[in-house]
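Hydrogens, waters and symmetry mates are skipped; everything else that's a heavy atom, side chains included, is used. When a residue number appears, it is its place in the shown sequence, counting from 1.
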Amino acid sequence: PTVPKALRPGDIIQSGAVMLDPEGKPMGEFSASVKPRYFRQVHWKVKKLTHLSESDMLGGDPFPEAAERFGAWCCQGGGDFDMFAWGGEDERVLCANLEAWGLDPAWVPEQVYDLRLIYDSFLGRTETSTSLTDAAEALGIALDLEQHDSLNDARYAAAICAATDIRRGIREYEELGPGPALPPGTQRQLELGFDSPGDALHHPALCRFRCPECGEELRCRAWVSQNKDRQIGLVKCAKGHESFLRLRFSRRPSGRYSALRMVYPAGEEAKAFYLKKYQKQQESLKRLKRLQEKAKKAPQAPAEGQGES
């Protein structure tokens with residue numbers, strides 16, 4: 001199917017995975033180079049990280065063929081399997097590409113576990129910004145594989161699975177919903193079908209929530225932009241508990257937007273970062289307002305053909 005340029009998902013140019021047995025031991029590997037559909041030139045940053053050239057990419061398999069092989073490989077044991085990824089981006093990009101190509105995503109599990117959250121829970125961490133190689137190194141895993149290669153990344157992820165209590169992580173993930181590494185009381189949900197991020201910011205399904213500490217119903221009215229697709233708000237309940245409401249937007253091939261919503265107690269470090277961003281945003285708005293007022297007060301040039309009498 002034809003997808004408008006503005007709605008195209010990022011191309012997948014590599015795919016790598018390791019299959020583990022019930023004891024967490026590797027029992028198979030999958031690797032594929034994928035021919036890009038939309039972006040035929042390698043960005044210099046990608047080339048620097050992956051050492052891939054345009055000829056390397058153009059020699060890969062078309063995405064539908066690579067996806068069919070990957071799906072068959074995942075389901076070779078009968079289709080009942082757990083899938084893990086480091087962070088949530090891989091699942092989003094995979095499903096977006098399947099949708100853009102008109103392919104059936106039914107083989108992708110409804111719950112793809114974020115291994116980073118399970119790792120953080122294993123170490124008792126409350127932050128989720130750890131890189132894959134940093135996590136591997138912290139667990140004593142030798143970093144002797146070339147980085148930024150999809151199969152090697154999967155090998156590191158498999159080694160992390162073996163070094164953590166992955167079964168406990170799955171149990172906690174299913175019981176807690178949002179993932180065990182997030183602060184107690186965290187709420188997370190995915191909402192679909194918004195015409196624009198601006199429309200979503202005022203939608204009750206996203207801006208209304210309950211305080212993670214006391215359950216009071218709250219509403220976020222002020223937002224700070226973290227980047228082009230993330231917004232965050234700080235709200236305080238009547239009892240003084242402060243909570244963050246964070247939204248991450250993704251544009252779907254249908255043209256509408258989905259929003260991943262997270263609600264969690266505000267830690268001091270994150271709050272300080274937020275307040276700094278908020279102050280900077282307010283200063284920018286004040287400057288813009290002054291410029292607009294100045295423009296209104298400026299004398300208007302006479303319209304063409306209206307000279308002085």
Side-chain angles (χ1 to χ4, degrees), residues 85-89 91-92 111-130 169-251 257-286:
W86 193 260
E89 190 69 7
E91 176 194 5
R92 186 190 68 79
Q111 175 67 75
V112 176
Y113 296 100
D114 186 344
L115 182 58
R116 183 170 57 184
L117 298 182
I118 295 175
Y119 162 83
D120 287 334
S121 174
F122 181 75
L123 295 185
R125 292 167 50 90
T126 58
E127 299 294 330
T128 59
S129 58
T130 310
I170 291 176
R171 289 195 303 270
E172 291 182 351
Y173 212 103
E174 292 171 344
E175 292 168 3
L176 300 177
L182 299 173
T186 299
Q187 307 156 19
R188 187 165 72 170
Q189 67 188 83
L190 182 67
E191 296 287 344
L192 304 171
F194 299 104
D195 293 329
S196 69
D199 175 54
L201 289 177
H202 302 288
H203 197 284
L206 292 179
C207 65
R208 294 183 184 274
F209 65 99
R210 292 192 176 276
C211 172
E213 301 288 345
C214 67
E216 178 185 343
E217 186 170 332
L218 303 171
R219 178 169 183 170
C220 185
R221 300 179 185 274
W223 299 94
V224 169
S225 177
Q226 289 186 292
N227 54 40
K228 65 179 182 179
D229 61 359
R230 296 189 184 191
Q231 298 282 334
I232 189 170
L234 180 65
V235 183
K236 181 187 289 188
C237 72
K239 293 183 178 180
H241 303 133
E242 292 181 305
S243 304
F244 278 124
L245 173 58
R246 190 175 72 188
L247 303 177
R248 187 182 75 186
F249 297 103
S250 299
R251 195 171 188 182
Y257 287 81
S258 65
L260 178 63
R261 185 180 90 157
M262 291 182 60
V263 177
Y264 52 95
E268 289 303 318
E269 184 176 348
K271 180 182 172 183
F273 176 80
Y274 167 85
L275 292 175
K276 184 177 180 180
K277 294 273 289 186
Y278 179 80
Q279 183 179 3
K280 187 174 181 180
Q281 179 172 290
Q282 291 302 305
E283 291 171 354
S284 297
L285 291 173
K286 288 179 182 178

Please report the shortest heavy-atom distance between G215 and R210, naming the atom on each side. O-NH1, 2.9 Å

Does A238 offer a backbone N or O that forms a donor-acceptor pair with the side chain of E216 under 3.5 Å? yes

All heavy atoms of S243 vs all of F209, minimum pair found to be CB-CE1, 4.0 Å

Would you name the heavy atoms of I170 and I118 that are closest together and state the gap between them? N-CD1, 4.4 Å

To the nearest 0.5 Å, tell me how far L201 CG sits from S196 OG. 8.0 Å

Heavy-atom closest pair (A200 atom, F249 atom, distance to 0.1 Å) is CB-CE2, 3.4 Å

Taking the inter-plane angle between the rings of W86 and Y119 on a 0 to 90° scale, is it parallel (under 30°), tilted (30 to 60°) or perpendicular (over 60°)? tilted

I'd like to know if K271 and E242 make a salt bridge, using a cut-off of under 4.0 Å between side-chain N and carboxylate O. yes

Are the side chains of L234 and Y278 in contact, using a 4.5 Å heavy-atom criterion? no

Interatomic distance, NE2@H202 vs CZ@R219, rounded to 0.5 Å, equals 8.5 Å

Correct closest heavy-atom pair for C211 and H241 would be SG-CB, 3.7 Å

Flag side-chain contact, heavy atom, 4.5 Å: C237 against E213: no

Check whether any side-chain N or O of Q281 sits under 3.5 Å from a backbone N or O of W223 as a donor-acceptor pair, and report yes or no. yes

Looking at every non-hydrogen atom in both residues, tell me the closest pair between L245 and L206 and how far apart they are. CD2-O, 3.3 Å

